[in-house]
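Values below: every heavy atom of this structure, side chains too, minus hydrogens, waters and symmetry copies. Predicted model, so just to flag it, every value in this text is computed and none were measured.
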Amino acid sequence: MAQEQNKFLKPSLMNIYTFVDKSVVCVVDTDVVIGCLSVNDINLLTVIIYGDLPKNKENVIYLSNHQCTVDWIIADMLAIRQNALGHVRYVLKDGLKWLPLYGWYFSQHGGVYVKRSAKFNEKEMREKFRAQMKAETPMYLVIFPEGTRYNPEIPKVIADSQSFAEKEGLAILKHVLTPRVKATHVAIDTMKNYLDAVYDVTVAYEGTVDHKGQRKLAPSMTEFLCKECPRVHIFIDRIELKDIPEEQMYMRRWLHERFEIKDK
């Protein structure tokens, strides 16, 4: 009898937790996004969206270039348009798990912390996604495949990224870093029958390229909130899962080609 009760109790508790978790995230993230928009309404911020963002919520993976912390707000803004803010989860660098409060909560909310190269724990990542699918958790998974921000003031990171591309026989990129495929491949491969699509998102902040074509820093969160901010251009391409190669080797080439498009 106890086992029978537990069978019904566990899903019920999971549903309650999921509802509360989603509600908390919606409240917190909505306040952050509305706060950002309210401040920037004064500064006449213009956000221009191009492409095909469906009105209805979907289970998706969101792939984007990464330049600054504002990129997180952009993901939230797009999720709000689909009434999917409480479904946003992130693949994050392992070091971010030590952020006070947020580091713990991102994990509880279904976020995944990953290490690079040989320390990448594929098994743990797949298990986390399987648990989310088993609980029928709506999925809006944000991945920044570059693994770190593109920062023109840290030329070594850019040079190392370009050297890696050259070594692997890939096109050398100038305005984005060479994307790493592991997290993207594991996410798509594990959830391919659960996802509706992949959103390929390119974010461009006006004023980050000078008259000589050289890159400048993207706005920090402080600059975004407190100063006049240039226009933000967001390009969205909704991609069907059937159009993405399944094998990691071919997916890496596909992902790099997507970033070649961003680089232009």
Over all atoms of both residues, closest heavy-atom pair of [X] and [Y]:
X    : Y    : result
A183 : V91  : CB-CG1, 4.2 Å
M251 : E246 : CE-O, 4.1 Å
A171 : A165 : O-CB, 3.8 Å
V142 : A75  : CG2-CB, 4.0 Å
N65  : F259 : CA-CE2, 4.1 Å
V181 : L255 : CA-CD2, 4.0 Å

Residue pair [X] / [Y], side-chain heavy-atom distance below 4.5 Å:
X    : Y    : value
I49  : R81  : yes
Y194 : Q132 : no
M221 : C68  : no
D52  : D237 : yes
P138 : N59  : yes
F144 : K93  : no
Y199 : L78  : no

When hydrophobic residues are tied together by side-chain contacts of less than 4.5 Å, even through go-betweens, does [X] share a cluster with [Y]?
X    : Y    : answer
L170 : L177 : no
I74  : L92  : yes
I244 : I143 : yes
Y150 : I261 : no
V70  : V47  : yes

Under the 3.5 angstrom rule, does the side chain of [X] hit a backbone N or O of [Y] as a donor-acceptor pair?
X    : Y    : result
S163 : A159 : yes
D71  : Q67  : yes
Q82  : L53  : no
R89  : H87  : yes
K115 : N121 : no
D263 : H175 : yes

Once side chain to side chain donor-acceptor pair (under 3.5 Å) is applied, do any residues pair with [X], and if so which ones, sequence neighbours excluded?
X    : answer
T208 : none
D160 : K156
R149 : none
E168 : R252

**Asked** With ILVMFWY side chains joined below 4.5 Å, transitively, what does L217's cluster contain besides itself?
**Response**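 Besides L217, the cluster holds no residue at all.
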
**Asked** Residues sharing M249's hydrophobic cluster, by side-chain heavy-atom contacts under 4.5 Å among ILVMFWY, directly or via others?
**Response**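 M249 clusters with Y250.
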
**Message:** Using the rule given for side chain to side chain contact (heavy atoms under 4.5 Å, CB included), can you reason through V157 versus N151, listing the C-alpha separation, both sets of side-chain angles and the distance that settles it, and then say yes or no?
**Reply:** CA-CA 8 Å; V157 171; N151 186 339; over 6 Å; no

Going from [atom1] on [X] to [atom2] on [Y], what distance comes out if it is rounded to the nearest 0.5 angstrom?
X    : Y    : atom1 : atom2 : value
W254 : Q248 : CH2   : CD    : 13.5 Å
T178 : E146 : OG1   : CD    : 8.5 Å
T184 : I61  : OG1   : CD1   : 7.0 Å
M191 : D196 : CE    : CG    : 11.5 Å
S161 : K174 : OG    : NZ    : 14.5 Å
T148 : I154 : OG1   : CD1   : 7.0 Å

**Request:** State which residues pass ring-ring contact (aromatic ring centres under 6.0 Å, His included) with F235; sequence neighbours excluded, sorted by chain then number.
**Result:**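 Only Y50 meet the ring-ring contact (aromatic ring centres under 6.0 Å, His included) criterion with F235.
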
Salt bridge (charged side-chain N to carboxylate O under 4.0 Å, His left out) against [X], all qualifying residues, sequence neighbours excluded:
X    : value
K216 : none
R253 : none
E240 : R238
E257 : none

**Message:** If you apply the rule side chain to side chain contact (heavy atoms under 4.5 Å, CB included), what do you find for T190 with M133, and how did you get there?
**Reply:** CA-CA 10 Å; T190 306; M133 289 188 292; 3.9 Å; yes

**Item:** Donor-acceptor pair between Y140 and D76 side chains, under 3.5 angstrom
**Value:**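 No, no side-chain donor-acceptor contact under 3.5 Å.
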
**Asked** Going through the checks in order, is the side chain to side chain contact (heavy atoms under 4.5 Å, CB included) test met by E122 and K182?
**Response** CA-CA 8 Å; E122 179 176 329; K182 281 187 178 180; over 6 Å; no

**Request:** Please say whether more than 12 non-hydrogen atoms of neighbouring residues, nucleotides or ligands are located less than 6.0 Å from CD in E127.
**Result:**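 Yes, the 6.0 Å shell around CD holds more than 12 heavy atoms from other groups.
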
**Message:** Quick check on N56: does its CG atom have over 12 non-hydrogen neighbours (other residues, nucleotides or ligands) under 6.0 Å away?
**Reply:**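 Counting neighbours around CG of N56, 12 or fewer heavy atoms of other residues, nucleotides or ligands fall under 6.0 Å, so no.
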
**Prompt:** Should W72 and Y90 be marked as a side chain to side chain contact (heavy atoms under 4.5 Å, CB included) after you check the CA-CA gap, both sets of side-chain angles, and the distance that decides it?
**Reply:** CA-CA 9 Å; W72 294 32; Y90 295 92; 4.1 Å; yes

**Request:** Any salt bridge (Lys or Arg N to Asp or Glu O under 4.0 Å) involving residues 197-206? Give me the pairs, sequence neighbours left out, ordered by first then second residue.
**Result:**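 Residue pairs passing salt bridge (Lys or Arg N to Asp or Glu O under 4.0 Å), neighbours aside: D200-R258, D200-K262, E206-R231.
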
